[in-house]
Amino acid sequence: MSANRRTFLRLATLALPFGAANRLFAKNVVNKPVVISTWDSGQIANGAAWPVLQRGGRALDAVEQAGIAIENDINCCVGLGGNPDRDGYVTLDACIMDEKANCGSVAFLERIKHPVSVARKLMETTPHVFLAGVGAQQFAVENGFKLEPGELSEGAKKSYDNWLKKAEYKPVINIELQQNKGKAAKGHGPFAPGRLEDGSFNHDTMGTLALDANGDVSGMCTTSGMGFKMRGRVGDSPIIGAGLFVDNEVGAATSSGQGEEVIRVCGTHLVVEFMRSGLSPEEACKKAIERIVKPDPARAKTFQVGFIAINKQGEVGAYSLLKGFNYTVTEKDGKPKVYNAKSYFA
Ligand code: SD4
């Protein structure tokens with residue numbers, strides 16, 4: 001290496017943030033394949049994604065398998081086993097995005113077990129990106145997805161009954177009556193609480209990001225949304241750029257937590273753009289959280305948001321607003337490892 005080039009590299013290194021300088025030298029070392037999912041239930045998701053990645057399969061197939069596995073888990077927090085809205089209906093949101101910026105989303109989808117696969121079907125067989133409500137359900141059924149009975153899981157029924165007792169929710173008119181009699185619904189009843197009685201947060205979303213052996217990145221996000229939400233409410237999870245964003249030049253990010261707050265800042269798009277500017281995945285997630293906090297730091301203590309991210313080198317990272325967010329990473333040895341994310345507020 002010439003003296004000039006050495007001087008240039010030294011100066012360039014001094015000018016870069018620490019993480020970025022590291023990556024300048026580690027640029028040719030790519031950690032792949034690797035998969036990262038939100039929460040410790042990411043062990044289920046990663047467990048389904050890893051065999052696909054290990055045999056050299058596409059990141060897109062891996063993240064879809066992750067979504068299917070978690071949507072199958074009736075005891076979990078997403079899919080048809082999740083908590084219903086305040087009128088007792090489970091409504092699902094999901095999206096998926098691949099290395100060519102193809103994407104598909106479904107929102108307010110009822111009685112369909114695998115919204116992530118409906119989103120993929122939409123992405124691959126239509127010119128559209130986003131379907132909602134009965135149209136999404138109709139598309140799913142037309143494409144061979146079974147219409148499920150629409151009963152609540154045992155766990156969801158218990159928490160819904162509990163919520164009904166405490167919330168004293170009295171719908172002025174429910175949607176079926178509204179449709180049949182043409183009367184307008186009045187009032188909105190209590191809003192879904194951000195925090196449940198036991199102090200835990202009223203949400204859980206599975207987001208999975210993967211880098212495959214070919215060096216391509218894809219991601220998916222699937223949720224039953226915030227429990228006891230208003231009927232028709234849609235969060236960040238199916239919104240490209242909010243709940244999920246993938247850019248195969250840079251990496252990908254996904255989110256969990258109070259969707260409204262993620263939508264406000266186009267959260268995952270922001271994380272990917274911060275990585276594009278040279279930040280590590282963790283630094284990028286942290287910056288996006290800071291953006292959420294900035295307008296009203298006192299209010300930001302009342303809800304939770306967590307981001308996870310992956311870059312093209314196979315580095316992963318996460319950051320959350322409050323303590324308690326964790327994530328699962330599977331790489332090299334194929335064993336899922338759960339990490340606690342650092343948080344803005346201790
Ligand atoms: C939403 N972000 O609907 C989702 C819910 C979620 O953990 O839990 N996330 O706002």
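Each ligand, and each atom within it, is numbered from 1 in the order the structure gives. By convention here, the first residue in the shown sequence is residue 1. Values below: every heavy atom of this structure, side chains too, minus hydrogens, waters and symmetry copies.
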Colleague: To the nearest 0.5 Å, how far apart are CD1 in Ile239 and CG in Leu244?
Modeller: 11.5 Å
Colleague: Counting both backbone and side chain atoms, is some N or O of Thr223 under 3.5 Å from an N or O of ligand 1?
Modeller: no
Colleague: Which of the atoms in ligand 1, numbered in the order shown and given with their element, are less than 4.0 Å from a heavy-atom of Met226?
Modeller: 3 (O)
Colleague: If you measure from each heavy atom of Glu260 to ligand 1, is any distance below 4.0 Å?
Modeller: no
Colleague: Let me confirm one number: the OH-OH distance from Tyr89 to Tyr160, rounded to the nearest 0.5 Å.
Modeller: 8.5 Å
Colleague: Can you tell which of Lys229, Arg233, Arg111, Glu110 makes a side chain to side chain donor-acceptor pair (under 3.5 Å) with Thr91?
Modeller: Lys229
Colleague: Hey, quick one: are Ile96 and Val234 part of the same hydrophobic cluster, counting side-chain heavy atoms closer than 4.5 Å, chains of contacts allowed?
Modeller: no
Colleague: Using a 4.0 Å heavy-atom cut-off, which part of Ser256 comes near ligand 1: side chain, backbone, both, or neither?
Modeller: both
Colleague: Determine the sole option in Thr125, Asp98, Asn102, Asp61 for which the side chain to side chain donor-acceptor pair (under 3.5 Å) test with Arg120 is passed.
Modeller: Asp61
Colleague: Show which atoms of ligand 1 fall inside a sub-4.0 Å distance from at least one heavy-atom site of Gly235.
Modeller: 3 (O), 10 (O)
Colleague: Counting only heavy atoms, tell me which of Gln258, Arg233, Lys229 gets closest to atom 10 (O) of ligand 1.
Modeller: Arg233
Colleague: Going by the closest heavy atom to atom 6 (C) of ligand 1, which one wins out of Thr205, Thr38, Asp93, Val234?
Modeller: Thr205
Colleague: Going by the atom numbers of ligand 1, which of them fall below 4.0 Å from some non-hydrogen atom of Ser237?
Modeller: 2 (N), 4 (C)
Colleague: Distance check, rounded to the nearest 0.5 Å: Lys100 atom NZ versus Leu60 atom CG?
Modeller: 10.5 Å
Colleague: Parallel, tilted or perpendicular, judged at 30° and 60°: which one describes the rings of His269 and Phe245?
Modeller: perpendicular
Colleague: Does any N or O atom in Gly225 lie less than 3.5 angstrom from one in ligand 1, N or O only?
Modeller: no
Colleague: Tell me which part of Gln304 gets within contact of ligand 1: side chain, backbone, both or neither, using heavy atoms under 4.0 Å.
Modeller: neither
Colleague: Which ligand 1 atoms, with their elements, are less than 4.0 angstrom from a heavy-atom of Asp236?
Modeller: 1 (C), 2 (N), 4 (C), 10 (O)
Colleague: Within this structure, what is the OH-CH2 distance for the pair Tyr327 and Trp39, rounded to the nearest 0.5 Å?
Modeller: 13.0 Å
